[in-house]
Each structure stands twice: as structure tokens, then as C-alpha cells.
Amino acid sequence: MKNILKSRQEYRVALRLQMVYLIHQGKSSREVADIYQVSFKQVLNWVHRFKHQGIEGLKDKVGRGRKASLNKKELDHIRQTILNTAPSEYGYTSKRWTGPLLLKWINKEYKTEFTATTIYKLLEKIGLESQNGKGYVPLD
């Protein structure tokens, strides 16, 4: 459902306008953020942009967001490494790959500066999820 709402600009603008409306009605930015599962800072950004630009301020700006810095071949290599190689083969003491360990390895291996949030998005993008006791496994 959330993906459907985010899929078209009209829906995204409507959601953002609803957030602004709830703030106008007296809800706190944290309450609105909890309802829509976004950061309270983003809610404040939408309110600010609406005050200064109206509906246009709620639209996505062209060219926003960080561009992918890993190509398909690199992403495939990361996936295969996670599935088929123990961290010990790269000098780590852990028996299984963890998010923080992957962050460290990927940033070193590919000379990137990813954050923890980006790593988890990357894992989802390459079709992996964490399962207790098993480490990272392919998504069903």
C-alpha cells in the first residue's frame, strides 16, 4: 500500500499536503511523522516549503537524491560475497555478515561513504534480508 502511495507524484503531493494540514490542525511534527512513518524533520521541511512555495513546494525537485555509486557488476559481487563468503576471508573475526560489518567492508572495498541506512537499502535492492541465526539470505 505504501509503495502505491509513493509511486505517483500526485499521491506524494497529496500525502505531503495532508501532513501540512495536520500540522495546521495542531498536531506536532513528531505525531505526524509517526502517522506517516517519516522523519519529523521531513514533516517540518514540507511545512516550510508549503508556506513559501505553496503546492509547488510539495513536488519532488528534479535531480534530487544521491545517485547510485555502484554498478550492477559490483552489486552482484556484493551479493555473491555475502551469500558465499565468510567475513573471516576478509580478515574479520565475525562468523556472519552483519549490517555494520557490511558497511565497513563495502566502504573499504568500493571506496564509498555509505551510511547504515544506505547499506540496508542496498541489501534490499540486491534481494537479501537478515534472518536470525542464518545471517543474510535471499528474499522470498
Side-chain angles (χ1 to χ4, degrees):
M1 176 76 156
K2 192 174 181 181
N3 288 340
I4 293 170
L5 291 174
K6 288 183 172 183
S7 67
R8 300 205 38 195
Q9 181 161 322
E10 297 85 10
Y11 298 141
R12 290 189 303 272
V13 170
L15 283 174
R16 293 166 186 168
L17 185 58
Q18 181 67 30
M19 290 181 214
V20 171
Y21 178 75
L22 289 174
I23 295 293
H24 179 75
Q25 293 298 309
K27 294 250 185 233
S28 74
S29 59
R30 291 192 189 275
E31 288 175 303
V32 174
D34 286 342
I35 292 168
Y36 289 95
Q37 298 180 339
V38 297
S39 73
F40 78 94
K41 179 71 173 144
Q42 189 60 63
V43 173
L44 294 175
N45 287 342
W46 294 130
V47 171
H48 178 78
R49 285 175 57 178
F50 181 76
K51 283 181 182 176
H52 294 283
Q53 301 171 25
I55 294 290
E56 286 300 311
L58 301 180
K59 293 180 181 177
D60 291 330
K61 293 181 179 179
V62 176
R64 298 294 292 186
R66 183 177 291 184
K67 304 299 180 240
S69 61
L70 297 173
N71 61 40
K72 183 176 179 350
K73 183 178 177 182
E74 292 167 327
L75 292 173
D76 288 343
H77 178 256
I78 291 169
R79 186 175 201 280
Q80 291 308 312
T81 299
I82 294 167
L83 292 174
N84 302 315
T85 309
S88 59
E89 293 186 38
Y90 288 90
Y92 300 109
T93 57
S94 177
K95 293 180 182 177
R96 291 193 185 97
W97 289 106
T98 63
L101 189 56
L102 285 167
L103 175 64
K104 187 175 182 177
W105 174 70
I106 290 170
N107 281 339
K108 182 180 175 186
E109 183 82 9
Y110 295 97
K111 296 176 180 48
T112 56
E113 295 181 10
F114 290 136
T115 62
T117 304
T118 307
I119 289 300
Y120 293 109
K121 288 179 183 177
L122 183 143
L123 291 167
E124 184 178 337
K125 180 178 181 176
I126 62 175
L128 298 177
E129 67 179 352
S130 178
Q131 284 188 355
N132 287 337
K134 294 183 180 179
Y136 285 93
V137 298
L139 291 167
D140 289 330

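None of the values given here were measured: they were computed from a predicted structure.
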In the structure I gave you, are the side-chain heavy atoms of [X] and [Y] within less than 4.5 Å of one another anywhere?
X      : Y      : result
Glu129 : Leu123 : no
Lys104 : Tyr90  : no
Pro138 : Leu83  : yes
Ile55  : Phe50  : yes
Leu102 : Leu122 : no
Tyr21  : Val32  : no
Ile82  : Ile126 : yes
Asn45  : Gln42  : yes

So, taking the atom named [atom1] in [X] and the one named [atom2] in [Y], what distance separates them when rounded to the nearest 0.5 Å?
X      : Y      : atom1 : atom2 : answer
Ile119 : Ile106 : CD1   : CD1   : 4.0 Å
Met19  : Trp46  : CE    : CH2   : 8.0 Å
Leu103 : Glu113 : CG    : CD    : 11.0 Å
Glu31  : Ile23  : CD    : CD1   : 8.0 Å
Lys51  : His24  : NZ    : NE2   : 10.0 Å
Thr85  : Gln80  : OG1   : CD    : 8.5 Å

- Message: Does atom CD (Glu124) have a neighbourhood of more than 12 heavy atoms from anything else shown, all under 6.0 Å?
- Response: no
- Message: Determine whether Lys121 and Thr117 satisfy the following criterion, side chain to side chain contact (heavy atoms under 4.5 Å, CB included), listing intermediate values before the conclusion.
- Response: CA-CA 6 Å; Lys121 288 179 183 177; Thr117 304; 3.9 Å; yes
- Treating Ile, Leu, Val, Met, Phe, Trp and Tyr as nodes and any side-chain heavy-atom pair under 4.5 angstrom as an edge, say whether Tyr36 and Leu44 lie in one connected cluster. no
- Query: Can you hop from Val38 to Phe40 via hydrophobic side chains spaced under 4.5 Å?
  - Reply: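 Different clusters: Val38 never reaches Phe40 through Ile, Leu, Val, Met, Phe, Trp or Tyr contacts under 4.5 Å.
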- Message: Looking at Asp34 and Lys27, is any side-chain nitrogen of the basic one under 4.0 Å from a carboxylate oxygen of the acidic one?
- Response: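 Asp34 and Lys27: not salt-bridged.
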- Query: Thr118 side chain to Phe114 main-chain N or O, any donor-acceptor pair under 3.5 Å?
  - Reply: no
- Query: Short question: side chain of Arg49, backbone of Leu58 - any donor-acceptor pair under 3.5 Å?
  - Reply: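 It does not hold such a pair.
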- Query: How are the rings of Trp97 and Trp105 set to each other: parallel, tilted or perpendicular (split at 30° and 60°)?
  - Reply: tilted
- Nearest heavy-atom pair of Ser39 and Ala33: which atoms, and what distance? C-CB, 3.7 Å
- Query: Do you know which of His52, Gln53, Lys59 makes side-chain hydrogen bond (donor to acceptor under 3.5 Å, both in side chains) with Glu56?
  - Reply: Lys59
